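Pasting a structure here, questions to come.
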2 protein chains.
Amino acid sequence: MGNIHDIARMAGVSAATVSRVLNNYPYVKEEKRKAVLEAAERLRYVKNINAVHLSLGKTKIIGVILPFVSHPYFGVILSGIASAAEKSDYKLMITQSNYQVSQEIEALDMLKRKQVDGVIIVSRECPVDIVKDYSEYGQIVLCEALADPGLSSVFVDQYKAFQAALSFLKKKGHQKVGYTLLRTEGKSSLARKQAYEEQYGKAKRGWVFNQALTIDDGIRIAGEWAGLSERPEAMVITNDFVAAGFLLQCRRLGFSVPEDAALIGFDNHPIAGALGITTIELPLHLLGETAFQQVISPNNSHEEVPFRLIERDSV
Amino acid sequence: MGNIHDIARMAGVSAATVSRVLNNYPYVKEEKRKAVLEAAERLRYVKNINAVHLSLGKTKIIGVILPFVSHPYFGVILSGIASAAEKSDYKLMITQSNYQVSQEIEALDMLKRKQVDGVIIVSRECPVDIVKDYSEYGQIVLCEALADPGLSSVFVDQYKAFQAALSFLKKKGHQKVGYTLLRTEGKSSLARKQAYEEQYGKAKRGWVFNQALTIDDGIRIAGEWAGLSERPEAMVITNDFVAAGFLLQCRRLGFSVPEDAALIGFDNHPIAGALGITTIELPLHLLGETAFQQVISPNNSHEEVPFRLIERDSV
DNA sequence: GTAAAGGATGAAACGCGTTTCAGAACAAGT
DNA sequence: ACTTGTTCTGAAACGCGTTTCATCCTTTAC
């Protein structure tokens, strides 16, 4: 296959000229340009991208850290990142972290090693301070509300979104409201808790459910809900998948939605449409695209993306 | 930050020795080893991975081509690939192809450029012959039935699985059966068609539905189904999401499952459990893990993974 | 006709870690 | 004392594309 010097020899020019031709620089005589192109063709030349990366000191690769690739929530964000990346001719290196800090750190280390030009952290376990230490090596974008001037972020205001859901329930006359969280710690859970307490005061024991991510979690939580001596009559649920599981299990247990339990989910995934679940639509694809634009931008920024309540039949 | 030569100078040894220490080679005097480690520490040295890649001629990166990252079917396979990759200390470069041949080719080109050591094609549009041309540059694994000795493959036997679904329906007394496909062309669609015709003869006009991938497709197809003058009373459906959409839309239109339409899906995604959909379980996570093992193996192989019928309430 | 302004081109340095090869240093065996 | 076998080490080559700098060749301008 050969390298750039073989082409140079064959075309009777220098390696510098070959490089110029291959990268479409001006100032190369037409005949030499042709000779180079022909030699490249004949040698079936292919650039060794690693040499390019080494030489340029950058790679046009962005690292993406996310806990689970198989969950639609993260999948849709990733999909948004991927479409934007494709348009800008970047490649994506993904790390499925399972919320393991060690995994997250290893992915961030790729920034140090110059393996990636920037990193998008879709969701994390690792403390922000540690993340910040890596910002000197390249752009880092977090998909969460963040004021830090040293990092970029793109987010839905969890507080406002949760508040909107609660207000909607209140408007519909619900006084006994519970909710679910993905993880107890974490900023967004805190924001939800705060929004809740402002509206309804401290939540009753057993009205806040944890580990809510998948359909199966929804099923499990519906069981827990049904077993409560005093049940909330409305639930604000992490995402539409959990809501779907909850709704279906409720029905199976002989309850009806929204009579026994009013539900409001998040995301507006097609499953919510199919099941008539009222939900707060989050523009996850857009969020991914925005994150990508930020990660290739030299400047830090913090962008909020909007949400929208979609009324269906579960409230 | 400095490079290996700076360390060498600071530690009073040669770059070769530094490299030996950093890569844990034997035959380095303990005192020199220490001096190197200390210098590396003091300089906050970090390897430039691009130089390593250039030097070694390989990267421990595997490319993954898949049409949509946000669909659970592909997401689960990707997740399987990702967990296996992590265990073997490989990184993943993903390309969301949208079934665009140009995208697929571009991803394969990474193999030529030595950007990745191997490629896993989860699903493709591009002709196999073109794919084969790239096999000289590294391992390629396809997730589909394939006999080609120049490539590896891992697959569920679509023919047998579809046949199992059809036999089950027949056993339950269904004579009027329709089915859905993702794409009309493609080997797996052909296998399905063949299995169908052997069991039921040529399908009635309108009983084969295309473009079935998502919940929304299921909803759409249920509408088409309902509008048929002669309706099949049982459907074999591409995957559980489509089946879910179909089932929910059927109910909404006033039909009942399985009385008016018996359904059998594929994958055994939690959504099937939640909705009581009878399905053919496909070990997609395992399939991904297997694909990864194959792509890092120097030998080609063809591995079949098993499926299993899970009986629930939709038939 | 000559100076100034481009246009065109190659040598060499740069980015940086790995590995081979030749040789030095030292322990063990006779 | 001398051979043999290990253990260590460093110089140099290798993988390979990009870019700067100096230089030579043409035009255009006056």
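The chains referred to below are lettered A, B, ... by the order of the sequence lines, with proteins before strands, and numbering in each begins at 1. Treat the numbers as computed from the prediction; the structure is a model and nothing was measured. Atom set for the values below is all heavy atoms of this structure, side chains included, hydrogens, waters and symmetry mates excluded.
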message: Could you tell me how far apart Y25(A) (OH) and dG17(D) (C1') are, to the nearest whole angstrom?
response: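 Going from OH in Y25(A) over to C1' in dG17(D) covers 11 Å.
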
query: Counting any heavy atom closer than 4.0 Å, what does L56(B) reach on the DNA or RNA strands: base, sugar-phosphate only, or nothing?
result: sugar-phosphate

query: In whole angstroms, how far is the C1' atom of dG17(D) from the CD atom of Q115(B)?
result: 15 Å

message: Check the phosphate of dG15(D) against K114(B), side-chain N and O only, distance under 4.0 Å to OP1 or OP2. Yes or no?
response: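 No, because none of the side-chain N or O atoms of K114(B) sits under 4.0 Å from OP1 or OP2 of dG15(D).
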
query: Is the closest basic N to carboxylate O distance between D129(B) and K132(B) below 4.0 Å?
result: no

- prompt: Which sits closer to the 5' end of DNA chain D, V52(B) or Y27(B), going by the nucleotide each is nearest to?
  reply: Y27(B)

query: What heavy-atom pair brings Y45(B) and G2(B) nearest, and what distance separates the two atoms?
result: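 Distance-wise, the nearest heavy atoms are CD1-O, 3.5 Å.
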
message: What is the separation between atom CD1 on I4(A) and atom C1' on dC14(C), rounded to the nearest whole Å?
response: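 Going from I4(A) (CD1) to dC14(C) (C1'), I get 14 Å.
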
field: Heavy-atom pair with the smallest gap, counting every atom of K114(A) and N50(B)
entry: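 That would be O-OD1, 2.9 Å.
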
field: Contacts of type salt bridge (Lys or Arg N to Asp or Glu O under 4.0 Å), residue D133(B), not counting sequence neighbours
entry: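 With neighbours one apart ignored, the set is empty.
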
query: Roughly how many Å is it from CG in D6(A) to C1' in dG15(D), rounded to a whole number?
result: 12 Å

- prompt: With a 3.5 Å cut-off and no angle check, do the side chains of Q139(B) and N300(B) form a donor-acceptor pair?
  reply: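 Result is yes, a qualifying pair exists.
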
- prompt: For E289(B) and Q293(B), what are the C-alpha separation, side-chain angles and deciding distance, and is it a side chain to side chain contact (heavy atoms under 4.5 Å, CB included)?
  reply: CA-CA 6 Å; E289(B) 291 176 318; Q293(B) 294 309 333; 5.7 Å; no

message: Distance check needed: dC16(D) C1' versus N48(A) CG, whole Å only.
response: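 Nearest whole value for this atom pair: 6 Å.
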
message: Run the salt bridge (Lys or Arg N to Asp or Glu O under 4.0 Å) test on E31(B) and K34(B) for me, step by step, so that the C-alpha distance in whole Å, both residues' side-chain angles and the decisive distance to 0.1 Å come before the verdict.
response: CA-CA 5 Å; E31(B) 66 182 84; K34(B) 270 195 183 133; over 6 Å; no

- prompt: Base, sugar-phosphate, or nothing: which does N23(A) touch, judged by heavy atoms less than 4.0 Å apart?
  reply: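 The residue N23(A) makes sugar-phosphate contact but no base contact.
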
Write out a two-atom table: protein N or O, nucleotide N or O from nucleotides 10-13 of chain D, distance below 3.5 Å.
| unit_1 | atom_1 | unit_2 | atom_2 | d |
| --- | --- | --- | --- | --- |
| dG10(D) | OP2 | S14(B) | N | 3.1 |
| dG10(D) | OP2 | S14(B) | OG | 3.3 |
| dG10(D) | OP2 | T17(B) | OG1 | 2.7 |
| dG10(D) | O6 | R20(B) | NH2 | 2.7 |

task: Provide, to the nearest angstrom, the distance between the CG atom belonging to N24(A) and the P atom belonging to dA8(C).
output: 15 Å

query: OP1, OP2 of dC26(C) versus side-chain N and O of K29(B): anything below 4.0 Å?
result: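 For K29(B), the contact criterion (side-chain N or O under 4.0 Å from OP1 or OP2 of dC26(C)) is not met.
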
- request: Using only side-chain N and O atoms of S55(B), determine if any of them is under 4.0 Å from OP1 or OP2 of dT18(C).
  value: no

query: Rounding to a whole Å, what distance do you find between R113(A):CZ and dG17(C):P?
result: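 So the CZ-P distance, R113(A) to dG17(C), works out to 12 Å.
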
field: Y45(B) OH - dG15(C) P separation (whole Å)
entry: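 So the two atoms are 14 Å apart, to the nearest Å.
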
